[in-house]
Amino acid sequence: SWLRRTGMFLSKEWLWPRTVMQRSRVACNKMTFCTVLKKLHCWKCEAPLQTPPAFFCPACLVIQPLDENINFFDIMDCEISFALDVRKLQKRYMHLQRSLHPDNFSQKTQQEQEYSESQSALVNRAYRTLLKPLSRGLYMLELEGMKLEGDPGCGLSLEFLQDILEISERLAETQSQEEASDIWHFVRGKLENLIGEINKSFSEGDLNRAKVLLAEMKYFANIEEKVKDKVSQIQ
Amino acid sequence: LAGKMAVAMVKRCCSPLFFFRRLSAPELTVSLPYHKKVVDHYENPRNVGSLDKNAKNVGTGLVGAPACGDVMKLQIEVDEQGKIVDARFKTFGCGSAIASSSLATEWVKGKSIDEALKIKNTEIAKELSLPPVKLHCSMLAEDAIKAALADYRLKQQDNDKTAHASN
């Protein structure tokens, strides 16, 4: 009957979001609530898993579903820091993708294929976000609940916008390879400076300053891209 | 030499990535097609350029959207009757930002200052059929109009003050 079939469908617990099954919200004291992570178990053999991110079951070696909310720094096994070791990040990325890539799971069950696809995509996202200083910094702000979106000024001065307008005009109008190269060097210099300053702001815990500097960096990163377009146009 | 070394370093860093490129899973990229009105303004922008920013009857608005790294300059020229007779813009940003500011210059022309102040971003967004993710571009255009009008008013006040002082 329809009812029995629906009942069977609902009883298949793997159809439920894992977070519903794994997380329980308990009151720590009168004032605060915190999320306690219950010990996770393998979906297949029920063996206990390591602390997140647990990509595979240590007992039966089967791929595990990942919590989408897991911190990118945890996925990539890095400390939360703006001054991140990019070589280490790349090594970790290749190590993870070698074992998680969907190609490795073409002979496995549908469920394992799905877990591999979502894990692999998540690792890609984490890697790409942490690789570039700009996206890494913006992600660090996001972890602290801060965003550039929805803040029209972001603390940028009128002088800064004037400088950006001027350099954008110069770039748009030039037809000379040399001037485009001058602009590139200028912008690279600015970006290098900003990376140093942003690193300082984060290590001092000055998030508001980091936010303004990241907004400035966004502008210079855009111009850097435009210089590349321009150079290939002139050639 | 330093430059060459830098290039070599970059190549060395990137080569393993290139080799393992197939390792990355395919990802869905969503690209929103622009509405034909946006494309029209983008391909044939109205009133691009600059007015003399030092002129007493010219107001300049310069605004930015740090989340996208866009910058927009909008200028108005006002005649003695307080009517906006000319408007120009320069925008470095996405198609929607360019279209929004292009449309804004068309709309402010021929209006009085008070009328121009009433232009709302929602009207710009509606005219260009902007998707929700691009609404901030129309807000930027509204901010640019307001900033230009404020700059003009400030100049007129200064003008009045100097006129009073010289009397």
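Scope of the values below: all heavy atoms of this structure, side chains included, with no hydrogens, waters or symmetry mates. Only a predicted model underlies this, so the values are computations on that prediction, with no experimental measurement involved. Each chain gets a letter, A, B and so on, in the order the sequences are listed, and its residues count up from 1.
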Inspect the surroundings of [atom1] in [X] and state if more than 12 heavy atoms from other residues, nucleotides or ligands are less than 6.0 Å away.
{"X": "B:Y42", "atom1": "OH", "result": "no"}
{"X": "A:K200", "atom1": "NZ", "result": "no"}
{"X": "B:K146", "atom1": "NZ", "result": "yes"}
{"X": "B:K120", "atom1": "NZ", "result": "yes"}
{"X": "A:E204", "atom1": "CD", "result": "yes"}
{"X": "A:K190", "atom1": "NZ", "result": "no"}
{"X": "B:R46", "atom1": "CZ", "result": "yes"}

* Structure fact -> For B:K90 and A:L165, the nearest pair of non-hydrogen atoms, with its separation, is O-CD1, 4.4 Å

* Asked: What are the two closest non-hydrogen atoms of B:P66 and A:L156, and how far apart are they?
  ->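 Minimum heavy-atom separation between B:P66 and A:L156: CG-CD1, 3.9 Å.
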
* Asked: Taking non-hydrogen atoms and a cut-off under 4.5 angstrom, which of residues 216-225 of chain A neighbour chain B?
  ->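 Within residues 216-225 of chain A, the residues under 4.5 Å from chain B are A:K218, A:Y219, A:N222.
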
